[in-house]
A.B. asks: 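Got a structure for you, questions after.
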Amino acid sequence: MELPFALLKPCILFFFILGNITFLRVRAKTSNDLISDVCKRTTTPRLCLQILKSNGRARKASSPLELGEVSMDLSKSSAKATKNMILFSSLRTRDKGLKERYKSCAVNYDSALYYINIANQYFKGGDYASVGRYTAAALNEPIACRHNFARAEPAWLREGNDKLECLCSVVLVISDHLSGRHCSFPAG
């Protein structure tokens, strides 16, 4: 009687390990599908995929709600980082015209952060329609900053503006989904 049970232990262990590996593959596939489905609906799908797939929290998100939280956090940190670079660049330049453009962009990014913070509060409260309104307002700020520079926008600022626009677009897609206004995603 003990011999068959001793042979059964390795089989049980094998199936347990196989089941866990399969579960992890399915979860990763679901997260990747979610990211792909969201990014397809943004203004810059390729940049969206690059940003979200390079972020560990985004890759682990298993629902639009989780991915929305991550995207809100990324929007805020991106806006802060770009604003800090704008302020630093403003201090380093002696060109008064450039200094004024940086100052204007700093105001744009202050406004973007203000709107993102309000959108984040609405997100936590489940008012996804208001999330969309405030995120749309935040989205207009890097666009306004870009217009300050016309075609002479520095590369680092273009990247910062592009990133914030992309992340706001992600939040808009997810808030539209969560409010029931648009698209559906695969179940996570």
Side-chain angles (χ1 to χ4, degrees), residues 32 34-61 64 66-124 128 130-178 182:
N32 283 333
L34 177 61
I35 289 171
S36 295
D37 286 340
V38 168
C39 288
K40 277 188 246 180
R41 294 170 172 88
T42 65
T43 55
T44 52
R46 199 174 310 158
L47 180 59
C48 175
L49 286 170
Q50 178 187 343
I51 292 169
L52 295 183
K53 287 191 174 187
S54 69
N55 181 276
R57 285 182 56 216
R59 283 193 316 269
K60 292 177 185 174
E66 288 178 21
L67 189 57
E69 288 177 29
V70 172
S71 300
M72 292 292 297
D73 291 347
L74 290 172
S75 296
K76 188 174 183 175
S77 63
S78 173
K80 281 182 179 179
T82 302
K83 179 187 169 196
N84 288 339
M85 282 297 297
I86 290 167
L87 294 174
F88 178 73
S89 297
S90 175
L91 292 173
R92 291 185 49 117
T93 188
R94 293 176 192 240
D95 180 326
K96 290 186 184 211
L98 187 56
K99 197 176 274 287
E100 283 302 312
R101 288 192 296 260
Y102 283 138
K103 182 179 176 184
S104 182
C105 280
V107 170
N108 293 131
Y109 271 82
D110 276 338
S111 296
L113 284 163
Y114 171 78
Y115 294 131
I116 289 167
N117 285 330
I118 293 174
N120 196 27
Q121 290 171 3
Y122 281 117
F123 192 88
K124 290 176 181 175
Y128 304 113
S130 293
V131 171
R133 280 193 299 278
Y134 281 96
T135 301
L139 175 63
N140 288 327
E141 299 302 331
I143 294 169
C145 174
R146 175 166 291 157
H147 289 146
N148 290 328
F149 283 89
R151 298 185 190 272
E153 182 182 29
W156 62 266
L157 183 55
R158 184 178 340 103
E159 289 174 16
N161 286 335
D162 288 347
K163 187 173 183 179
L164 183 56
E165 287 176 41
C166 177
L167 289 165
C168 286
S169 180
V170 170
V171 173
L172 284 172
V173 167
I174 292 171
S175 67
D176 281 352
H177 167 72
L178 293 172
H182 292 288

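By convention here, the first residue in the shown sequence is residue 1. Remember, it's a predicted structure, so these values are computed and weren't measured experimentally.
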A.B. asks: Could you walk me through whether Ser89 and Trp156 satisfy the side chain to side chain contact (heavy atoms under 4.5 Å, CB included) test, starting with their C-alpha distance in whole Å, then the side-chain angles of each, then the deciding distance to 0.1 Å, before giving a yes or no?
C.D. replies: CA-CA 11 Å; Ser89 297; Trp156 62 266; 3.1 Å; yes

A.B. asks: Do the side chains of Asp162 and Thr44 get nearer than 4.5 Å, heavy atoms only?
C.D. replies: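 The answer is no; the side chains never approach within 4.5 Å.
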
A.B. asks: Could you go through the side chain to side chain contact (heavy atoms under 4.5 Å, CB included) check for Tyr109 and Leu164 one step at a time?
C.D. replies: CA-CA 10 Å; Tyr109 271 82; Leu164 183 56; 3.5 Å; yes

A.B. asks: Under the rule for side-chain contact (heavy atoms from CB on, under 4.5 Å), what residues qualify as partners of Lys76, not counting sequence neighbours?
C.D. replies: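 Checked Lys76 against side-chain contact (heavy atoms from CB on, under 4.5 Å); matches are Lys80, Leu113, Ile116, Asn117.
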
A.B. asks: Tell me which pairs pass salt bridge (Lys or Arg N to Asp or Glu O under 4.0 Å) where either residue lies in residues 81-91, with sequence neighbours left out.
C.D. replies: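 Sorted result for residues 81-91: Lys83-Asp110.
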
A.B. asks: What's the shortest heavy-atom distance between Ser78 and Gly160, and which atoms?
C.D. replies: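 So the two residues come closest at OG-O, 4.3 Å.
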
A.B. asks: Just by distance, do the side chain of Ser77 and the backbone of Leu74 share a donor-acceptor pair under 3.5 Å?
C.D. replies: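 Answer holds: yes.
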
A.B. asks: With the threshold set at 4.0 Å, does a side-chain nitrogen-carboxylate oxygen contact exist between Asp176 and Arg41?
C.D. replies: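 Salt bridge flag = no for Arg41 with Asp176.
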
A.B. asks: For a quick test of reading the model, state the closest non-hydrogen atom pair linking Ala119 to Met72 and the distance between them.
C.D. replies: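 It is C-CE, 3.5 Å.
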
A.B. asks: Is the backbone N or O of Cys39 less than 3.5 Å from a side-chain atom of Thr42, with the two atoms forming a donor-acceptor pair by type?
C.D. replies: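 Yes, the answer is positive, given that a donor and an acceptor are paired below the 3.5 Å cut-off.
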
A.B. asks: Got a second to check how far Ile35's CD1 is from Asn55's CG, nearest 0.5 Å?
C.D. replies: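 Result: 8.0 Å between the selected atoms.
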
A.B. asks: Quick one: side chains of residues 96-108, donor-acceptor pairs under 3.5 Å with protein atoms, not counting sequence neighbours, listed by atom name and distance.
C.D. replies:
residue	atom	partner	partner atom	Å
Lys99	NZ	Ser90	O	2.6
Lys99	NZ	Thr93	O	3.3
Ser104	OG	Asn148	OD1	3.4
Ser104	OG	Asn148	ND2	3.0
Asn108	OD1	Cys145	N	3.4
Asn108	OD1	Asn148	ND2	3.3
Asn108	ND2	Glu141	OE1	3.0

A.B. asks: Minimum heavy-atom separation for Glu66 and Ala61, please, with both atom names.
C.D. replies: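 Shortest heavy-atom separation between Glu66 and Ala61 comes out as OE1-CA, 3.3 Å.
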
A.B. asks: If I compare all heavy atoms of Arg59 with all of Lys53, which pair ends up nearest, and what's the gap?
C.D. replies: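 Minimum heavy-atom separation between Arg59 and Lys53: NH1-O, 2.9 Å.
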
A.B. asks: To the nearest 0.5 Å, tell me how far Tyr128 OH sits from Ile174 CD1.
C.D. replies: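 Output value for this atom pair is 11.0 Å.
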
A.B. asks: Enter the distance from Cys166:SG to Leu139:CG here, rounded to the nearest 0.5 Å.
C.D. replies: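 If we round to the nearest 0.5 Å, Cys166:SG and Leu139:CG are 10.5 Å apart.
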
A.B. asks: Go through the structure and list residues passing ring pair (Phe, Tyr, Trp, His ring centres under 6.0 Å) with Tyr134, not counting sequence neighbours.
C.D. replies: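 Tyr134 satisfies ring pair (Phe, Tyr, Trp, His ring centres under 6.0 Å) with Tyr122 once adjacent residues are dropped.
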
A.B. asks: Could I get the full list of salt bridge (charged side-chain N to carboxylate O under 4.0 Å, His left out) partners for Glu153, not counting sequence neighbours?
C.D. replies: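 Residues passing salt bridge (charged side-chain N to carboxylate O under 4.0 Å, His left out) with Glu153: Arg146.
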
A.B. asks: Show your reasoning for whether side chain to side chain contact (heavy atoms under 4.5 Å, CB included) applies to Lys40 and Cys48.
C.D. replies: CA-CA 9 Å; Lys40 277 188 246 180; Cys48 175; over 6 Å; no

A.B. asks: Is any side-chain heavy atom of Gln50 less than 4.5 Å from a side-chain heavy atom of Leu47?
C.D. replies: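 Result yes, sub-4.5 Å side-chain heavy-atom pair found.
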
A.B. asks: Mind checking what makes side chain to side chain donor-acceptor pair (under 3.5 Å) contact with Ser130, not counting sequence neighbours?
C.D. replies: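 Once residues adjacent in sequence are excluded, the partners of Ser130 under the side chain to side chain donor-acceptor pair (under 3.5 Å) criterion are Asp127, Arg133.
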
A.B. asks: Write down the atom of Ser175, the atom of Gly132, and the distance for their closest heavy-atom approach.
C.D. replies: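 Minimum heavy-atom separation between Ser175 and Gly132: OG-CA, 3.6 Å.
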
A.B. asks: Any side-chain to backbone donor/acceptor pair from Thr82 onto Ala79? Under 3.5 Å, distance only.
C.D. replies: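 No; zero donor-acceptor contacts below 3.5 Å.
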
A.B. asks: Just do the side chain to side chain contact (heavy atoms under 4.5 Å, CB included) check on Thr135 and Phe123 with the steps written out, would you?
C.D. replies: CA-CA 10 Å; Thr135 301; Phe123 192 88; over 6 Å; no

A.B. asks: Enter the distance from Leu172:CG to Leu167:CG here, rounded to the nearest 0.5 Å.
C.D. replies: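 Answer rounded to 0.5 Å: 11.0 Å.
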
A.B. asks: Donor-acceptor pair, Ser169 side chain versus Thr43 backbone, under 3.5 Å?
C.D. replies: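 Judged by distance alone, yes, a pair lies under 3.5 Å.
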
